[in-house]
Amino acid sequence: KIHNLRCNEALSTYAPSIVICSWMPNYKDFTAAFCETQSVQEYILIGPATVCGHAFDTWGFDGATEPVYSRHGFKRTSLVEL
């Protein structure tokens, strides 16, 4: 069964340990919500960084300050060969 829920609603309802996010809308970032959800131990982002999410908030491309995922203790691993 599919439930049509917003990101924060799904996180609070289901308290997942792993989140899979496919093709996050360009210039939108859900990673802060993933990182701030206590149950989430890992999240997987599917889609090219050039058109998915926000360049700095999602991917840390700015380099001037610490990205959101790093501030919450998460690490980025790119799997370009997939």
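Heavy atoms only, all atoms of each residue included: Asp29 and Met24 are closest at CA-SD, 3.6 Å. In this structure, Phe61 and Arg76 approach most closely via the heavy-atom pair CE2-NH1, 3.4 Å. Between Arg71 and Glu66, the shortest heavy-atom contact is NE-O, 2.9 Å. A pairwise comparison of heavy atoms in Pro67 and Phe56 identifies CA-CZ, 3.7 Å as the closest pair.
Rounding to the nearest 0.5 Å places CZ of Phe34 at 10.5 Å from CD1 of Ile20. Here the straight-line distance linking atom CZ of Phe74 with atom SG of Cys35 works out to 4.5 Å at 0.5 Å rounding.
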Quiz: residues 39-51 side-chain donor-acceptor pairs under 3.5 angstrom, not counting sequence neighbours:
residue : atom : partner : partner atom : Å
Ser39   : OG   : Ala15   : O            : 3.2
Ser39   : OG   : Pro16   : O            : 2.8

Which donor-acceptor pairs under 3.5 Å do the side chains of residues 3-13 make with protein atoms, sequence neighbours left out?
residue : atom : partner : partner atom : Å
Ser12   : OG   : Asn8    : O            : 3.2
Ser12   : OG   : Glu9    : O            : 3.2
Thr13   : OG1  : Glu9    : O            : 2.7

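Hydrophobic side-chain contacts under 4.5 Å tie Val68 to no other Ile, Leu, Val, Met, Phe, Trp or Tyr residue.
Residue Tyr27 qualifies as open at atom OH: its count of foreign heavy atoms under 6.0 Å is 12 or below.
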